[in-house]
Amino acid sequence: MAKKTPSTPAKTQEAQPETAYRFDVPWEGLMDHPEFVSVFLSDVLERYVQQQRWYGGKSSTLKYIELQEYFRIQQGAEVYYGLLLEVNFEEAFYQHYFLPIAFVSDPDFAKKDRILPVVVGGEEGFIIDAVNLESFRRLVYERIITAEPNDTTRVRYHKSVTFEPEAYASSRLMGLEQSNTSIIINGKSVIKFFRRIYADKNPDYEMSRFLSERKEYRNTPAYQGSLSIIDTDNANITIALMQELIANQGDAWDYMLKELNKIFSNLEYKGIQIARLPETELFTRLKIRDVPPEIIDWAGLKIFLKLQKLAQRTAEMHIALGSEFEDTAFTPEHFNGDYEVWLKNRLLYQFQNRLNTVENNLERLEGNSLALAKEFLERKNEIRKRFMKFDWTRLKGERLRVHGDYHLGQVLVQGEDFFLLDFEGEPESTIRDRKVKQPPLKDIAGIFRSFHYAVYATIFNNEGKFPFEQQELFRAGELLYRYFIGVFLETYVQLIQDHNVDIGYSAERIFLLKYCMLEKAVYELGYEMNSRPDWAVIPLEGIRSIIND
């Protein structure tokens with residue numbers, strides 16, 4: 001039931017209307033009331049949506065919101081509505097979002113989360129986002145744990161065969177998030193409501209269920225259940241994913257920053273002479289015994305043991321993803337011409353976008369960032385040629401379904417171990433592109449770029465703390481980064497080869513790593529230029545080091 005209601009641009013600073021709208025229908029029939037739909041889709045909803053953390057269109061101009069369709073989320077007489085919204089922009093594109101709504105009559109409830117004051121069937125109250133209501137969270141959990149196998153209804157709940165649920169006891173919002181809303185149930189499970197949705201199964205749902213339920217990969221939150229809707233075009237849209245709650249000490253990004261802070265502090269504490277530190281070539285595989293004692297003395301043994309463990313868990317993920325020969329969505333494939341055309345078109349478009357962004361925002365940069373940005377623009381043809389050098393006929397390895405957005409922030413630290421999560425893929429990519437099989441080394445390139453980010457973030461965030469010239473710190477950081485990569489690669493490649501996952505011969509691996517790391521650095525540049533130009537120096541430095549190597 002699509003209802004299109006163009007409206008004036010939203011005024012995000014205005015308060016919500018205080019006068020209630022009256023509709024002479026019960027709550028259960030409200031979505032069939034044309035006048036309510038018209039009022040709801042007005043600038044009232046626009047204001048609300050634009051103020052939410054999960055709204056991804058903040059850099060564009062909203063034109064109007066259209067109700068694509070709705071469905072009931074219910075149990076017995078308890079009814080909520082799930083809305084599939086199409087947000088249209090002045091720039092001639094659109095995004096789809098999921099918004100569950102509830103009606104509450106208590107005037108003291110959800111004062112900050114009200115969308116619209118209404119009188120429904122003679123009862124005064126408010127329309128609110130239903131995730132703020134415990135009864136809604138309980139209902140979704142109970143519908144999942146009591147789901148019938150092989151559900152063929154339009155609104156589909158699913159429970160994993162490996163999940164042994166408990167009765168509902170409590171729930172709470174997980175806290176600050178960007179693109180989704182997660183609810184902790186009973187302190188043991190997490191229901192993640194996907195806010196931005198796509199006309200297909202969400203990759204996070206597919207990968208989570210495949211890895212933990214089908215392949216019994218233990219180092220990702222176990223899949224427990226899901227909620228999906230079959231829309232009017234017969235597309236299966238993932239609405240929510242329920243997984244095991246992993247007890248943890250935070251993510252690997254925060255862990256790495258703390259460790260690097262100690263390591264850089266050791267330069268002064270241990271009297272390290274940076275110029276005398278031994279070097280190693282980029283991508284040289286290193287066992288820990290191959291790391292020079294000067295480096296171990298400086299950085300400590302612990303960080304290298306942790307890198308080995310992370311490499312092991314990463315390799316095990318790719319081994320699981322490369323061991324499927326029945327489900328065509330996960331069976332390995334070789335490189336071919338179609339993949340090469342897809343890859344080059346995608347990367348050249350993205351590269352041109354980054355060029356335009358940098359050219360139009362040079363005035364926002366200064367110092368080293370400005371110098372690197374100018375060098376980036378001067379060497380644009382060289383970088384473009386690097387992307388064009390991809391020749392599938394020279395590649396013998398396999399492509400798999402991969403994580404797609406693998407970095408330290410997607411890894412949880414649990415004691416001496418790691419858990420990998422969030423398999424949605426790159427936020428800028430289409431749902432189709434996120435499911436394209438890629439070389440597993442694309443994930444490795446992502447985590448290596450994350451190591452590089454952590455090194456430079458430590459230097460930039462602690463200006464004046466370490467008594468060295470910045471260029472000296474950069475040199476020390478680049479050295480450390482290469483040893484990190486070397487130790488990680490040795491463990492990863494050995495495990496992958498032991499389990500017969502084909503990632504190509506040595507020269508092929510190095511080519512793919514450089515190619516994917518350049519792609520990742522160019523991707524990062526767009527985010528930094530738009531969000532925090534001061535940090536653009538990190539991907540710009542990464543781009544320069546890759547093309548200079």
Please report the shortest heavy-atom distance between Ile496 and Ala315, naming the atom on each side.
CD1-O, 3.9 Å
Are any non-hydrogen side-chain atoms of Glu324 and Lys215 less than 4.5 angstrom apart?
yes
Side chains of Asn336 and Glu340: is there a donor and an acceptor less than 3.5 Å apart?
no
Could you pull out all residues at least two apart from Thr357 that satisfy side-chain contact (heavy atoms from CB on, under 4.5 Å)?
Asn353, Asn361, Met529, Asn530
Testing Lys435, Arg434, Arg346 one by one against Glu426 for a salt bridge (charged side-chain N to carboxylate O under 4.0 Å, His left out), which residue passes?
Arg346
Taking all non-hydrogen atoms of both residues into account, name the closest pair between Ser60 and Phe89 and its distance.
CB-CD2, 3.7 Å
Measure from the ring center of Tyr523 to the ring center of Tyr527 and say whether it is less than 6.0 Å.
no
Taking the side chain from Arg196 and the backbone from Tyr97, do they hold a donor-acceptor pair closer than 3.5 Å?
no
Validation row: Ile237, Tyr198 side chains within 4.5 angstrom (heavy atoms):
no
Applying the side chain to side chain donor-acceptor pair (under 3.5 Å) criterion to Asp417, which one of Gln312, Arg313, Lys309 satisfies it?
Arg313
With sequence neighbours excluded, residues passing side chain to side chain donor-acceptor pair (under 3.5 Å) with Ser450:
none
Can you see which heavy atom on Lys437 is nearest to which on Tyr339, and at what distance?
O-CE1, 3.5 Å
Go through Asn202 and Glu206 one step at a time and tell me if the side-chain hydrogen bond (donor to acceptor under 3.5 Å, both in side chains) criterion holds.
CA-CA 6 Å; Asn202 190 290; Glu206 288 185 309; over 6 Å; no
Mind jotting down which residue pairs meet the side-chain hydrogen bond (donor to acceptor under 3.5 Å, both in side chains) criterion with at least one end in residues 451-461? Sequence neighbours excluded, please.
Arg449-His452, His452-Glu478, Tyr453-Glu528, Tyr456-Glu478
